[in-house]
Amino acid sequence: MDVHIRDLRYFVAVAEELSFTRAASDRLFVSQPTLSKQIRRLELSLRTALFERDRRTVTLTAAGRALLPQARRLIEQWEEAQRAIADAVATQNSTLTVGFHTSIGRGLIPAVTATMEKLLPGWRLQFRQITWADPTLGLAGGDVDVAIGWLPVPTSGDYSHKVITCEDRWVALPAGHRLADRPVVSFEDLADEPFIALPTTAGALRDFWLGNDRRRTPARIAATAETADETFEAVASGLGAALLAAGNAEIYRRENVTCRPVTGLPPSELAVVWRTGDHRRAVRVFIDACCLCTAAGS
């Protein structure tokens with residue numbers, strides 16, 4: 001059976017972390033059972049064990065140590081090939097694909113598009129919504145060239161970002177909720193409310209939109225949503241509350257949902273995100289345009 005690049009990525013993550021738990025949650029954004037299953041398949045394919053495991057430690061076998069530098073080299077070569085192909089396709093099609101989790105709004109895209117037309121005549125922007133399950137906004141899989149999304153993004157060093165605007169966090173509540181008549185809601189008053197959560201694979205992003213760093217006890221999770229639309233449908237249905245950026249309160253306005261400012265939380269940050277080391281001119285122009293347009297509008 002042929003080995004896939006994904007298998008090598010999984011192997012390298014475990015080899016570098018020497019922990020299936022950290023590799024799964026912090027590097028790969030998959031469940032630990034999924035990671036363990038893939039590693040077992042790789043070992044069966046290679047007909048040798050790559051790791052020695054016990055309840056407390058994970059170490060590389062001799063075969064694992066031999067594979068590690070080769071796996072890194074193959075992954076790097078494949079990533080270079082992907083970048084070359086993406087660059088060729090983008091240049092041929094004059095299209096830059098932009099990933100996003102929530103509607104961007106804020107007048108940003110018309111301003112950026114106008115700037116792009118001046119600096120890169122003939123190029124166009126194509127937008128692709130990515131589910132919350134992918135905290136890299138489609139960058140990890142090569143589905144997009146650049147992205148606009150809410151921080152935090154994974155801190156592995158594979159992605160860079162620039163903050164383009166900061167907004168206070170609000171809360172979306174079902175219409176008729178006991179707190180809906182208040183002009184401002186404290187996060188302390190929300191702490192025991194059921195919440196709509198992002199998928200667990202969203203990692204730190206899920207924690208941020210649950211306000212976990214300000215909680216004394218774990219959040220009560222009423223439901224999980226893959227997209228912003230699913231989140232607001234769940235709130236409208238009365239399942240629970242959800243935190244959101246102030247600007248999104250207007251963008252996602254709907255019946256049966258009341259949005260209010262929240263005190264006791266640091267603001268949210270919207271950023272332009274790209275793959276570290278991607279120096280294509282179209283990507284750089286887009287990044288600079290985002291920063292210039294938001295600076296001009298502030």
Checklist line | Leu173 and Leu190: CA distance, side-chain angles, deciding distance, side chain to side chain contact (heavy atoms under 4.5 Å, CB included) verdict | finding: CA-CA 10 Å; Leu173 299 165; Leu190 290 168; 4.1 Å; yes
Residues [X], [Y]: salt bridge by 4.0 Å N-O rule:
| X | Y | answer |
| --- | --- | --- |
| Glu269 | Lys162 | no |
| Arg73 | Glu76 | no |
| Glu193 | Arg178 | yes |
| Arg284 | Asp278 | no |

Taking atom types as modelled, is there a side-chain donor on [X] or [Y] under 3.5 Å from an acceptor on the other?
| X | Y | value |
| --- | --- | --- |
| Glu52 | Thr61 | no |
| Thr102 | Trp150 | yes |
| Thr227 | Asp229 | no |
| Ser103 | Tyr252 | yes |

I need the minimum non-hydrogen distance between [X] and [Y], along with the two atoms involved.
| X | Y | result |
| --- | --- | --- |
| Ala66 | Gln70 | O-CG, 3.7 Å |
| Leu265 | Gly211 | CD2-CA, 4.4 Å |
| Trp209 | Ser268 | CH2-CB, 3.6 Å |
| Leu35 | Ala24 | CD2-N, 3.8 Å |
| Ala246 | Glu167 | N-OE1, 3.5 Å |
| Val144 | Arg128 | CG1-CB, 4.3 Å |

Tell me whether [X] shares a hydrophobic cluster with [Y], the cluster being built from Ile, Leu, Val, Met, Phe, Trp, Tyr side chains joined at under 4.5 Å.
| X | Y | result |
| --- | --- | --- |
| Met116 | Leu119 | yes |
| Trp274 | Ile104 | yes |
| Leu198 | Leu239 | no |
| Phe20 | Leu42 | yes |
| Tyr159 | Val163 | yes |

Margin query: Assess the residue pair Val146 and Leu96 against the criterion (side chain to side chain contact (heavy atoms under 4.5 Å, CB included)); give the C-alpha distance rounded to whole Å, side-chain angles, the decisive distance to 0.1 Å, and a yes or no.
Written below: CA-CA 8 Å; Val146 67; Leu96 198 69; 4.1 Å; yes
Check: Does Tyr10 have Arg40 sitting over its ring (NZ/CZ under 6.0 Å from centre, angle to axis within 45°)?
Finding: no
With a 4.5 Å cut-off on side-chain heavy atoms, are [Y] and [X] touching?
| X | Y | result |
| --- | --- | --- |
| His161 | Leu151 | yes |
| Thr258 | Asp181 | no |
| Phe127 | Ile109 | yes |
| Arg22 | Arg27 | no |
| Thr113 | Leu125 | yes |
| Phe187 | Arg169 | no |
| Gln129 | Phe100 | yes |
| Pro152 | Leu205 | yes |

State whether the side chain of [X] and the backbone N or O of [Y] hold a donor-acceptor pair below 3.5 Å, judged by distance alone.
| X | Y | value |
| --- | --- | --- |
| Thr224 | Pro199 | no |
| Arg260 | Ala172 | no |
| Ser25 | Thr21 | yes |
| Asn248 | Ile251 | no |
| Asp7 | His4 | yes |
| Asp145 | Thr97 | yes |

Enter the distance from [X]:[atom1] to [Y]:[atom2] here, rounded to the nearest 0.5 Å.
| X | Y | atom1 | atom2 | value |
| --- | --- | --- | --- | --- |
| Arg254 | Asn256 | CZ | CG | 10.0 Å |
| Leu137 | Leu139 | CG | CG | 6.5 Å |
| Leu60 | Phe51 | CG | CZ | 5.0 Å |
| Glu16 | Leu68 | CD | CG | 6.5 Å |
| Asp143 | Asp134 | CG | CG | 7.5 Å |
| Ile196 | Leu210 | CD1 | CG | 10.0 Å |

Checklist line | Whether over 12 other heavy atoms sit under 6.0 Å from Glu188 CD | finding: no
Next item on the list: Given side chain to side chain contact (heavy atoms under 4.5 Å, CB included), test Leu18 with Val14 step by step and report yes or no.
Entry: CA-CA 5 Å; Leu18 292 179; Val14 178; over 6 Å; no
Next item on the list: Please test Glu117 against Arg124 for salt bridge (charged side-chain N to carboxylate O under 4.0 Å, His left out), starting from the C-alpha separation and ending with a verdict.
Entry: CA-CA 8 Å; Glu117 287 176 349; Arg124 68 183 183 92; over 6 Å; no
Next item on the list: Report yes if the distance between the aromatic ring centroids of Trp132 and His101 is under 6.0 Å, otherwise no.
Entry: yes
Check: Checking salt bridge (charged side-chain N to carboxylate O under 4.0 Å, His left out) for the pair Glu43/Lys37: CA distance, chi angles, key distance, verdict?
Finding: CA-CA 10 Å; Glu43 290 176 325; Lys37 183 178 180 180; over 6 Å; no
Margin query: Applying side chain to side chain contact (heavy atoms under 4.5 Å, CB included) to Leu108 and Ile148, what does each step give before you reach the verdict?
Written below: CA-CA 10 Å; Leu108 180 61; Ile148 295 177; 3.8 Å; yes
Next item on the list: Give the C-alpha distance, both sets of side-chain angles, the deciding distance and a yes or no for side chain to side chain donor-acceptor pair (under 3.5 Å) between Gln126 and Thr95.
Entry: CA-CA 7 Å; Gln126 173 177 288; Thr95 300; 5.4 Å; no
